[in-house]
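See structure below.
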There are 2 protein chains.
Amino acid sequence: MEQRSAVNIANSLEHMIFDGTFADGDRLDEVRLAEQFGVSRTPLREALQRLESSGLVTLIPRRGAFVRQPGPLELLEMFEVMAELEAVCARLAARRMSNEALEELRHANTRCQMAAEAQDSDLYYAENERFHATIYRESGNSFLEQESLKLQKRLRPFRRQQLRFRGRMAQSLTEHEAIVAALTSGDSNAAANALRDHVTVQGERFQSLMAGLKAAAS
Amino acid sequence: MEQRSAVNIANSLEHMIFDGTFADGDRLDEVRLAEQFGVSRTPLREALQRLESSGLVTLIPRRGAFVRQPGPLELLEMFEVMAELEAVCARLAARRMSNEALEELRHANTRCQMAAEAQDSDLYYAENERFHATIYRESGNSFLEQESLKLQKRLRPFRRQQLRFRGRMAQSLTEHEAIVAALTSGDSNAAANALRDHVTVQGERFQSLMAGLKAAAS
DNA sequence: GTCAATCACTTTGTATACAAGATATTAGTT
DNA sequence: AACTAATATCTTGTATACAAAGTGATTGAC
């Protein structure tokens, strides 16, 4: 864990929060983390300030920094917003997308298909992200693209598990094809609905997963 | 300008960037600002880190902090996203809104009307924001509400000017009534379209304003 | 024995000091 | 006179030191 500079520390901490090194509500001890990173408290505090604006930690004055993992309710809300954001991207992309970009999208989906045939869910996940990112980009609105990428990144750790559901990759592929078809025909409403449903399914899967966990815990 | 604590400094700087105290590309001198605020460089730097994640300044390593005002293109993109976000809020609110909330919305619109009759564009602006914020809240999705409020805040300085166009307040009011009607009937598509158009008009006004400025400058 | 108050210790917030990189200026050479 | 190189100055980045607020433990009183 030899890392220098305040901005890199923020990224490292972000990663550690995402991969579950810290649980929800954990206090981030400044001196402890500072010596772990081999820096003083000053750059570490600057990193914490950044994480607070990203919503990953809560900064309570005179008390410290606490990691703030989204709860089930907030996650559902975020999935709902993600679905709507992607629907907007699709609607805009349906009108603005070039033929070259459509070809690129089909290529991305082909790579998804290969990953699915190899039953490689990690690879599928990576290619799937590129498929979606292509649609964000082709919305022709960089601000929308950036916002979508931000939320995609934020939801990544929670989305990832879902591909391990049996048959999910195959279903996802089918939905991709419907999306490509709608974008090809330039039908913006169909594209928006297809993408919204595609993402919403993941949110619902997540909901049932959470319900299962909750039932198991009681 | 007697202000203490890092988080307050961030808010003050944000305000100063919004109200045009700093122009696009201006370098924010740490020592200069520190003594203006009557603090040391440490809390001021922490404030700058926060502003960077909000996208208001760019932090170039070993060079300093530079204010980053969105250009005409980026502003149009932001208006487009705002329109779509509000459309989503409206679609969800149309299904989820309670009768009490609808009543509250009508009240908010009544206050807008009073402000319009008094030709008080500042008051109209404030009441208009509350009208919109009510719809965000009634989307029943706090995450969406927060994101919408963030973008609303970001676009505030640019939106504000538009109400000074002759007849804009009256037109805005008419559009509000269409929105309230759609929400009352629970027609989510109509509500989404009404709100999208309502916001898009502002973006287009802004575009023509920018075009005018550009033409005048050449 | 339990509750409360005071004191010690821990931790955050801020200032200052120091190191390293970037910019500007000046001097020297062509 | 113009361009380059070297140096001086300024600015950022980081460490350390100090002050203030908070937490916990111990002691005393009821």
Side-chain angles (χ1 to χ4, degrees), chain A residues 1-70, chain B residues 1-70:
Chain A
M1 199 176 297
E2 293 301 316
Q3 198 95 13
R4 265 141 212 182
S5 144
V7 49
N8 291 5
I9 292 172
N11 286 335
S12 296
L13 283 175
E14 190 178 294
H15 243 100
M16 290 165 81
I17 291 173
F18 280 161
D19 72 11
T21 307
F22 302 114
D24 183 50
D26 278 4
R27 181 174 140 270
L28 297 179
D29 192 297
E30 291 181 2
V31 292
R32 185 186 169 78
L33 287 171
E35 62 186 33
Q36 274 190 22
F37 282 101
V39 296
S40 83
R41 279 176 52 220
T42 313
L44 198 128
R45 279 179 60 87
E46 290 186 356
L48 290 179
Q49 298 280 341
R50 297 177 73 108
L51 292 181
E52 208 252 351
S53 349
S54 320
L56 286 137
V57 307
T58 323
L59 247 46
I60 304 178
R62 293 281 175 196
R63 296 287 296 272
F66 299 86
V67 317
R68 171 168 154 24
Q69 296 279 18
Chain B
M1 202 177 294
E2 294 300 318
Q3 198 97 13
R4 266 138 212 184
S5 143
V7 49
N8 290 7
I9 293 172
N11 286 336
S12 297
L13 283 175
E14 190 178 294
H15 242 100
M16 291 164 81
I17 291 174
F18 280 161
D19 74 9
T21 308
F22 302 114
D24 184 49
D26 277 4
R27 181 172 141 271
L28 297 178
D29 192 297
E30 293 181 2
V31 293
R32 184 185 170 80
L33 288 171
E35 61 186 34
Q36 275 191 22
F37 282 101
V39 296
S40 83
R41 279 176 54 221
T42 314
L44 198 128
R45 279 179 60 87
E46 291 186 356
L48 290 178
Q49 297 281 341
R50 297 178 74 110
L51 293 180
E52 207 251 353
S53 351
S54 321
L56 286 138
V57 307
T58 322
L59 246 47
I60 304 178
R62 293 278 175 199
R63 297 287 296 275
F66 299 86
V67 318
R68 173 171 155 22
Q69 297 279 19

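Lettering follows sequence order; numbering is per chain, from 1.
Taking the side-chain contact (heavy atoms from CB on, under 4.5 Å) definition, one finds that A/Ser54 meets it with A/Leu56, sequence neighbours left out. For A/Asp29, the side chain to side chain donor-acceptor pair (under 3.5 Å) partners are A/Arg27, not counting sequence neighbours. For A/Glu30, the salt bridge (Lys or Arg N to Asp or Glu O under 4.0 Å) partners at least two apart in sequence or on another chain are A/Arg41, A/Arg45. For A/Arg63, the salt bridge (Lys or Arg N to Asp or Glu O under 4.0 Å) test picks out no residue, with sequence neighbours left out. Partners of B/Arg32 according to the salt bridge (Lys or Arg N to Asp or Glu O under 4.0 Å) rule, which considers only residues two or more places apart in sequence or in another chain, do not exist here.
The separation between A/Ile9 atom CD1 and D/dT14 atom C1' is 10 Å, rounded to whole Å. We find that CG of A/Asn8 is positioned 13 Å from P of D/dG13, with the value rounded to whole Å. Protein atom CD of A/Glu35 is 17 Å distant from nucleotide atom C1' of D/dT14, rounded to whole Å. Protein atom CZ of B/Phe66 is 11 Å distant from nucleotide atom C1' of D/dT12, rounded to whole Å. The CZ atom of A/Phe37 sits 13 Å away from the P atom of D/dA15 (whole-angstrom rounding).
Contact check for A/Leu59 versus A/Glu52: side-chain heavy atoms found under the 4.5 Å cut-off. Contact check for A/Ile17 versus A/Gln69: side-chain heavy atoms found under the 4.5 Å cut-off.
Residues from residues 46-59 of chain B placing a heavy atom under 4.0 Å of any atom in DNA chain D do not occur.
Between A/Ser40 and D/dA15, a side-chain N or O to OP1/OP2 separation shorter than 4.0 Å is present.
Sorted by first then second residue, the salt bridge (charged side-chain N to carboxylate O under 4.0 Å, His left out) pairs that include residues 7-26 of chain A, not counting sequence neighbours, are A/Glu14-A/Lys153.
One distance of note links CD1 of A/Ile9 with CG of A/Leu48; it measures 9.0 Å at 0.5 Å rounding.
Direction of the helix axis in the helix from C/dG1-D/dC30 to C/dT30-D/dA1 shifts by 0° between the two five-pair termini, rounded to 10°.
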So which protein N/O to nucleotides 5-12 of chain C N/O distances come out below 3.5 Å?
| from | atom 1 | to | atom 2 | distance (Å) |
| --- | --- | --- | --- | --- |
| C/dT11 | O3' | A/Arg27 | NH2 | 3.3 |
| C/dT12 | OP1 | A/Arg27 | NH2 | 3.2 |
| C/dT12 | O3' | A/Arg62 | N | 3.4 |
| C/dT12 | O2 | A/Arg62 | NH1 | 3.2 |

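If you check the side chains of B/Glu46 and A/Gln49, you find a donor sitting under 3.5 Å from an acceptor.
Judged by distance alone, the side chain of B/Ser12 and the main-chain N or O of B/Asn8 form a donor-acceptor pair under 3.5 Å.
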